[in-house]
Amino acid sequence: MIQIEQTFMDFLLEHQERHKRSYHFLILMNSILNAAKRIQFYYSTGALRGNLGMTGSTNIQGEDVLHMDMIANELVKHSLARSGRVVHAIGEEEEEIIVMNEEGGRYFVYYDPMDGSSNVPHNLPIGLLFGVAKRALEGAEDMHLRAGREYIAAGMFVIPTGTFTIALHNAGCWRFHLDETFNFVKPTSMMLPISKKTWELSFNSSKRETYAPPVQKWIAENEKKYRFRYMGALAGDFHRILLNGGLFMYPAIVNHPDPRKNRPQGKLRLMYEAAVVAFMCREAGGGAVDENGKPILDIVPEKPHQRTALYIGSKPLVDEITKVLKEK
Ligand code: AFP
């Protein structure tokens, strides 16, 4: 008898039918999977095709745009539009809200098509991050920007490793792996480990002196207790935290020797970076807060590319750092 692995779409179909939900979400997720597979292909062949370089232009975030940023963004936008299920989308490379099917669309999608672009020239892991929220099906839809707690799903593809992790509202956090038939298969439930044995700390150590002194003090008192790992791509670093436990931090920059380089509002983008991993972390039994110790999922965005500080991971460590942040 041959071993036939359960695919993500099998898994999602069962989930939708178990909860007597529509097939619209399957069609949306299929479009996101198509985009991820195409990004995986372009990135894996990037060096051969000469696509790992710069375009010479800068994006809304003031960052240099890579060819792969553009390619990934085009692939995601194309797939979402083709699904016909998206009211509007917000993407890291797009200044404005991307209006798609305002009449017939059912979902809002927030995405970072190429997270960790500093790894691209080295063909090292990058991420496709996405969050999904649903429009009001009864009554008028006010098109407000959704807080993380309103998301119905959030996920990330770590490319080119072929891993896909998705969380569904009140239905857990699941990891899938790309098989030889280019299907994501073998659903594995992800829960942050209780035992501290494998816990890790992850932050940009070269910036620690620019963090708030109480945060620096907490790091100095705790860093010898845990392994340190940092790859400079949220998707990759959070991918590790989900399996090993611990704490990933991208604190506010408030103590930079050059005050113009301070970032009291944080660096990471709220809607398509922080809220995405925070939603997944909640479903995996963890927590996530901002620089004031406020739950990331409770932050109501005022603008699409709003930034935030992020402290995310195992609940006991998040509770510890929340206490420090609230007392500062
Ligand atoms: P890009 O996607 O713009 O490269 O930014 C990556 C990121 O938003 C996030 O993935 C990393 O955790 C963080 O920035 C890395 O920032 P540093 O290079 O300052 O450590």
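Numbering of ligands and ligand atoms starts at 1, following listing order. Numbering of residues begins at 1 and proceeds along the displayed sequence. As the structure is a prediction and not an experimental result, all values here were calculated from the model.
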Q: Is it the case that atom NZ in K328 sees more than 12 heavy atoms from other parts of the structure closer than 6.0 Å?
A: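 Yes, enclosed.
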Q: Mind checking whether F108 and H88 have ring centres under 6.0 Å apart?
A: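 So the answer is yes for these two rings.
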Q: For ligand 1, list the protein residues that place a heavy atom within a distance below 4.0 Å of one of its atoms, sorted by chain and number.
A: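 Protein residues near ligand 1 are E63, E92, M114, D115, G116, S117, S118, N204, K207, Y230, G232, A233, L234, F248, Y250, K267, L268, R269, E273.
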Q: Quick one: side-chain hydrogen bond (donor to acceptor under 3.5 Å, both in side chains) pairs with a partner in residues 33-45, sequence neighbours left out?
A: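 For residues 33-45, and leaving out neighbouring residues, the side-chain hydrogen bond (donor to acceptor under 3.5 Å, both in side chains) pairs sorted by first residue read T45-R49.
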Q: What pairs of residues pass the ring pair (Phe, Tyr, Trp, His ring centres under 6.0 Å) test when at least one of them lies in residues 250-291, not counting sequence neighbours?
A: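 Of all non-adjacent pairs touching residues 250-291, those that pass ring pair (Phe, Tyr, Trp, His ring centres under 6.0 Å) are Y272-H305.
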Q: Which residues pass the side-chain hydrogen bond (donor to acceptor under 3.5 Å, both in side chains) test with H67, sequence neighbours left out?
A: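 With neighbours one apart ignored, the set is empty.
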Q: Determine whether more than 12 heavy atoms belonging to other residues, nucleotides or ligands lie under 6.0 Å from atom CD1 of I194.
A: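 12 or below, so no.
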